[in-house]
2 protein chains.
Amino acid sequence: MLIVGERLNVSRKGMEALVRGRDEAAIRAEAIRQVQHGADMLDVNAGALVGEEPEALRWLVATVQSAVDVPVCIDSPNPAAIASALEVVRGKPLVNSISGEEARFRGLIGLVKERGCGVVALCVDDEGVPASAEESVAKGSRLVERLLGSGVPPGDIFVDPVVRPAGTDSGAGVSALEAVKDIKRRHPGIRAICGLSNFSFGLPHRSLLNRTFLVAMMSAGLDAAILDPVDDRLHAVIKAAEVVLGRDRNCARYVKAYRDGKLGSA
Amino acid sequence: MLIVGERLNVSRKGMEALVRGRDEAAIRAEAIRQVQHGADMLDVNAGALVGEEPEALRWLVATVQSAVDVPVCIDSPNPAAIASALEVVRGKPLVNSISGEEARFRGLIGLVKERGCGVVALCVDDEGVPASAEESVAKGSRLVERLLGSGVPPGDIFVDPVVRPAGTDSGAGVSALEAVKDIKRRHPGIRAICGLSNFSFGLPHRSLLNRTFLVAMMSAGLDAAILDPVDDRLHAVIKAAEVVLGRDRNCARYVKAYRDGKLGSA
């Protein structure tokens with residue numbers, strides 16, 4: 001499981017002030033902390049800084065890269081902000097995200113191809129967000145075919161089913177699970193990614209719901225998740241799920257995490 | 001999810017003495033406690049009392065039924081003990097278990113049909129325990145076909161894939177998950193059941209592994225699990241998994257469990 005740390009996002013409490021104030025030390029510390037907690041990649045998002053996003057996102061990427069070696073996941077709906085960040089990026093980033101919305105697709109496909117980035121393919125188009133598994137699959141499949149047709153290698157495509165809140169839609173979980181299974185079956189070699197926290201929006205004990213949803217999504221074939229790596233219980237459940245799904249030979253990583261005190265009170 | 005409480009089993013610490021001493025008050029209290037913690041059915045097992053099992057199991061069933069109204073799951077490899085317990089049973093019990101072992105099948109099929117019991121169908125035959133998902137599916141499918149051919153209704157058959165310990169076999173989880181999915185696909189209407197605790201045998205933080213395995217098994221289509229209902233974290237994760245799997249309309253049971261303080265510190 002590829003763990004994408006979600007904490008460098010200006011919509012999170014306290015982050016906007018740090019980015020506006022260009023607080024390098026704090027951003028670097030947050031980057032290092034997430035990597036120490038097992039993040040394989042760091043999401044960076046400055047979307048709330050209207051008008052200043054391209055410059056802020058570019059600064060965020062440069063600052064994070066001055067602190068850690070993991071790749072960045074450049075998170076914006078705005079092709080201009082992504083282009084700005086790509087100018088300073090090192091290594092192979094993940095662009096988060098392209099979609100079937102015409103302007104967004106056209107604005108990003110050239111950059112993605114030119115730079116050989118990975119890309120999150122959001123199951124959304126100009127008709128809106130999917131309301132069912134069938135709509136996720138239909139919107140996602142059209143987008144994946146278009147990306148493949150444009151020459152993006154399957155392994156660079158991370159399809160995101162768009163997770164809806166269970167609190168307003170009891171079918172939200174099944175819809176995301178079925179979409180991941182179905183899209184991966186139709187398009188061998190592509191990968192699946194999602195954010196967790198939207199699922200539990202508006203419900204109590206969100207962390208419990210998020211980690212339970214994550215186990216089900218991993219069982220359905222999820223390859224990567226955007227989450228808070230500092231949440232110890234989430235970390236513990238990922239280690240346990242890797243045992244359940246046969247991805248931890250001789251349970252070596254699970255037992256090591258236990259010995260390192262990283263499974264919490266379990 | 002049908003929750004079968006596992007605590008009335010003489011192989012559990014302290015239980016053998018209670019059953020040998022015919023301690024009615026203690027057994028009744030344990031039965032009541034499990035039902036108060038959400039058990040839909042209670043497993044009773046006196047298998048460790050060699051030579052005395054039929055009489056002990058019969059006493060256990062009668063004692064449990066004097067305390068609670070939920071059905072019992074009569075747990076024994078010994079057809080004579082099951083027959084003895086069935087003489088005093090009320091309601092529709094679950095016989096745990098029949099298998100493809102010839103003597104066990106012949107010893108139980110008549111009782112199961114005559115009494116109209118539910119039956120756990122263990123994916124084991126005279127050639128032994130399955131070593132892979134394929135073997136579970138092959139052994140399980142043969143047994144299910146034989147039960148159906150004998151006139152047992154599909155909804156009364158609870159197939160058990162036989163969970164192996166992940167500590168000695170990294171493929172144990174995938175094998176159980178695939179067996180449940182495959183056997184249920186082949187035989188519409190039948191149900192799947194398993195015990196949890198064997199999965200984590202020999203590994204640290206067993207409760208974490210057990211509940212993570214349960215979420216994955218529920219995602220694969222598990223209908224019932226034999227588990228410790230008094231384990232609050234297991235209870236919380238079942239409630240969360242029912243939200244994830246779209247089985248909790250408007251998240252009503254989840255929110256109620258939260259309000260009742262039953263989701264723990266989550």
Side-chain angles (χ1 to χ4, degrees), chain A residues 133 163 165-178 181 199-200 202-221 233 236-259 261-266, chain B residues 133 163 165-178 181 199-200 202-221 233 235-252 254-259 261-266:
Chain A
V163 175
T168 52
D169 175 1
S170 300
V174 172
S175 181
L177 294 165
E178 291 304 315
K181 283 189 263 192
F199 182 72
S200 60
L203 288 169
H205 274 328
R206 294 187 63 174
S207 164
L208 168 67
L209 274 175
N210 291 349
R211 62 182 184 267
T212 305
F213 179 60
L214 177 60
V215 174
M217 287 292 273
M218 288 175 71
S219 301
R233 290 186 176 182
V237 101
I238 291 170
K239 287 282 176 283
E242 287 179 335
V243 170
V244 170
L245 298 172
R247 298 177 193 160
D248 183 3
R249 201 173 157 82
N250 299 324
C251 308
R253 292 197 304 273
Y254 179 82
V255 172
K256 180 175 189 311
Y258 169 71
R259 290 193 179 136
K262 289 186 174 168
L263 297 187
S265 65
Chain B
V163 175
T168 52
D169 175 0
S170 300
V174 172
S175 182
L177 294 166
E178 291 303 315
K181 284 188 262 191
F199 182 72
S200 59
L203 288 169
H205 274 328
R206 294 187 64 176
S207 164
L208 168 67
L209 274 175
N210 291 349
R211 61 182 184 267
T212 305
F213 179 60
L214 177 60
V215 174
M217 287 292 272
M218 288 175 72
S219 301
R233 290 185 175 184
H235 190 87
V237 99
I238 291 170
K239 286 283 175 284
E242 287 178 336
V243 170
V244 170
L245 298 171
R247 298 176 193 160
D248 184 2
R249 200 172 156 83
N250 299 325
C251 308
Y254 179 82
V255 172
K256 182 175 188 312
Y258 169 72
R259 289 192 180 137
K262 288 185 174 168
L263 298 186
S265 66

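Per chain, numbering begins at 1; letters A, B, ... match sequence-line order. Basis for what follows: all heavy atoms, side chains included, without hydrogens, waters or symmetry-related copies. Small disclaimer: the values here were computed from a predicted structure and weren't measured.
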Fill in the blank from the handout: Separation between CG (A/Leu203) and SG (B/Cys251), nearest 0.5 Å, reads 4.5 Å
Practice task
Sequence neighbours left out, what passes salt bridge (Lys or Arg N to Asp or Glu O under 4.0 Å) with B/Lys256? Give chain and number order.
Solution key: B/Asp260
Would you mind writing out the side-chain donor-acceptor pairs for residues 236-244 of chain B within the sub-3.5 Å range, not counting sequence neighbours?
{"unit_1": "B/Glu242", "atom_1": "OE2", "unit_2": "B/Met1", "atom_2": "N", "d": "3.2"}

Problem - Region of B/Asp169 in contact with chain A, defined by heavy-atom distances below 4.5 Å - result: neither
Exercise for the section: Would you confirm whether A/Ser170, through its side chain, and B/Asn250, through its main-chain N or O, come within 3.5 Å as a donor-acceptor pair? Expected result: yes
Exercise for the section: May I ask you to name which of B/Leu209, B/Val215, B/Leu245 has the most heavy-atom pairs under 4.5 Å with chain A? Expected result: B/Leu209
Handout entry: Reported OG1-to-OH distance for the pair B/Thr212 and A/Tyr254, which is rounded to 0.5 angstrom
Key = 7.5 Å
Handout entry: Proximity breakdown for B/Phe213 and chain A, heavy-atom pairs closer than 4.5 Å
Key = both
